[in-house]
Amino acid sequence: MIRPLHLLASACLLAPGLLAAQRRAPAPAPAPAAHPLDTLVYRGLKFRAVGPSTMGGRMSAFAVRDARPSVIFAAAGTGGLFKTTNNGTTWSAVFEDQPVASIGAVAVSQRDSNLVWVGTGEGNGRNSSSWGNGVYRSTDGGGKWTHLGLDNTRDIPALVIDPRTDSTVWVAALGHLWGKNPERGVYKTTDGGKTWTAVLQLGDSVGAIDLVLDPG
């Protein structure tokens, strides 16, 4: 049987240890004082985009098949490619799964509305210009795309399809906007993009920005 005197002695021995532990515990940090303008101004503010200049609204090109004018493809400088099948009433993004969003040229076959060619890199020299990685082709109206090379041309402002055969295409390559590169000039394929031939090159500082075919 433990006597009351022993219990009192045990309590006296424990008390100093508890007091020491309490002295060692850090005091809770005081809550930060609210800024005087917090409730008046800051809480009413909303985040908004202020840059950098990555706008996608610049329209760089469009293409339409004459025999089916309700189907239009519209290319944005840094916003991808859009398609409408109802004369522009509604639009769908059809290039979102690709690794680049800058489009400089788009062409649709006059024989087949589903055959679409795209040249990436907008070619508009400005501080917010983006760049591409060559040529793409779709055979199902923009559902799926195949990359067909010319990666280092960087910016393709124009692309035309031979009206006599869809396998022949010309590409105008501007090249790097801010430096020299030897891939500038005009390229041609006669096998649907499997191979390309440089048919006009005037040096690493001279690029091509437009193409026109003689109607005849």
Would you call Arg184 and Asp204 a salt bridge, using N to O less than 4.0 angstrom? no
Can you find a pair of side-chain heavy atoms, one from Asn133 and one from Pro99, that are under 4.5 Å apart? yes
Smallest heavy-atom separation, Asp210 atom then Ala158 atom, equals CA-CB, 3.7 Å
Kindly determine whether Glu183 and Arg154 satisfy salt bridge (charged side-chain N to carboxylate O under 4.0 Å, His left out), including the steps that lead there. CA-CA 9 Å; Glu183 289 81 13; Arg154 297 276 285 194; over 6 Å; no
Please answer whether the main-chain N or O of Arg111 pairs with a side-chain N or O of Ser109 as donor and acceptor at a distance below 3.5 Å. yes
Would you find a donor on one side and an acceptor on the other, under 3.5 Å apart, between the side chain of Thr78 and the backbone of Ser102? no
I'd like to know whether CG of Leu211 has more than 12 heavy-atom contacts from other residues, nucleotides or ligands below 6.0 angstrom. yes
Distance-minimising heavy-atom pair for Pro157 and Gly123: CG-CA, 4.3 Å
Identify the two heavy atoms, one from Ala76 and one from Ser60, that lie closest to each other, and give their separation to 0.1 Å. C-OG, 3.8 Å
Any side-chain heavy atom of Val135 sitting closer than 4.5 Å to one from Trp196? yes
Test of understanding: clusters of I, L, V, M, F, W, Y form through side-chain heavy atoms closer than 4.5 Å, transitively. Do Phe73 and Ile103 belong to the same one? yes
Flag the pair Val169 / Val160 as yes when at least one side-chain heavy-atom distance between them is below 4.5 Å, and no otherwise. no
Backbone N/O of Val94 and side chain of Trp145: donor-acceptor pair under 3.5 Å: yes
Count the heavy atoms belonging to other residues, nucleotides or ligands that lie under 6.0 Å from CG of Asp191, then report whether that count exceeds 12. yes
Is any side-chain heavy atom of Gln110 closer than 4.5 Å to one of Arg164? no
Classify the side-chain pair Asn87/Ser70 by whether it contains a donor and acceptor separated by less than 3.5 Å. no
Output the distance between atom CG (Leu159) and atom OG1 (Thr120), rounded to the nearest 0.5 Å. 10.5 Å
Say whether, by atom type as modelled, one donor and one acceptor occur between the side chain of Thr189 and the main chain of Thr195 under 3.5 angstrom. yes
Decide yes or no for Thr168 and Ile161: does some side-chain heavy atom of the first lie under 4.5 Å from some side-chain heavy atom of the second? no
Do the side chains of Tyr136 and Gln98 get nearer than 4.5 Å, heavy atoms only? yes
Heavy-atom pair of closest approach, residues Tyr187 and Pro182: OH-O, 4.4 Å
Which distance, rounded to the nearest 0.5 Å, do you find between the CG of Asp140 and the CG of Leu115? 10.5 Å
Donor-acceptor contact present, side-chain Asn181 to main-chain His176, <3.5 Å: yes
Count I, L, V, M, F, W, Y as connected when their side-chain heavy atoms are under 4.5 Å apart, and connections chain through other members. Are Ile156 and Trp117 then in the same cluster? yes
Asn86 side chain vs Thr90 backbone, donor-acceptor pair below 3.5 Å: yes
Side-chain heavy atoms under 4.5 angstrom apart, residues restricted to Ile, Leu, Val, Met, Phe, Trp, Tyr: same cluster for Leu148 and Val171? yes
Restricting to non-hydrogen atoms, name the atom on Ala105 and the atom on Ala61 that form the minimum distance, rounded to 0.1 Å. CA-CB, 4.0 Å
Quick one: closest heavy-atom pair of Ile72 and Pro69, and the distance? CG1-O, 3.6 Å
For residues Val64 and Val71, determine if any side-chain heavy atom of one lies less than 4.5 Å from a side-chain heavy atom of the other. no
Report the distance from atom NZ of Lys83 to atom OG of Ser92, rounding to the nearest 0.5 Å. 8.5 Å
Determine whether more than 12 heavy atoms belonging to other residues, nucleotides or ligands lie under 6.0 Å from atom CZ of Arg68. no
So how far is it from Phe62 CZ to Thr84 OG1, rounded to the nearest 0.5 Å? 13.0 Å
Heavy atoms of other groups near Trp170 CH2, more than 12 under 6.0 Å: yes
Could you grab the distance from atom OG of Ser138 to atom CZ of Phe95, nearest 0.5 Å is fine? 9.5 Å
Give a yes or no on whether Leu200 and Leu213 share a hydrophobic cluster (residues Ile, Leu, Val, Met, Phe, Trp, Tyr; joining criterion: side-chain heavy atoms under 4.5 Å apart). yes
Ile209 CD1 to Asn124 CG distance, which is reported to the nearest 0.5 Å: 9.5 Å
With hydrophobic residues grouped by side-chain heavy-atom distances under 4.5 Å, do Leu150 and Trp131 end up in a single group? no
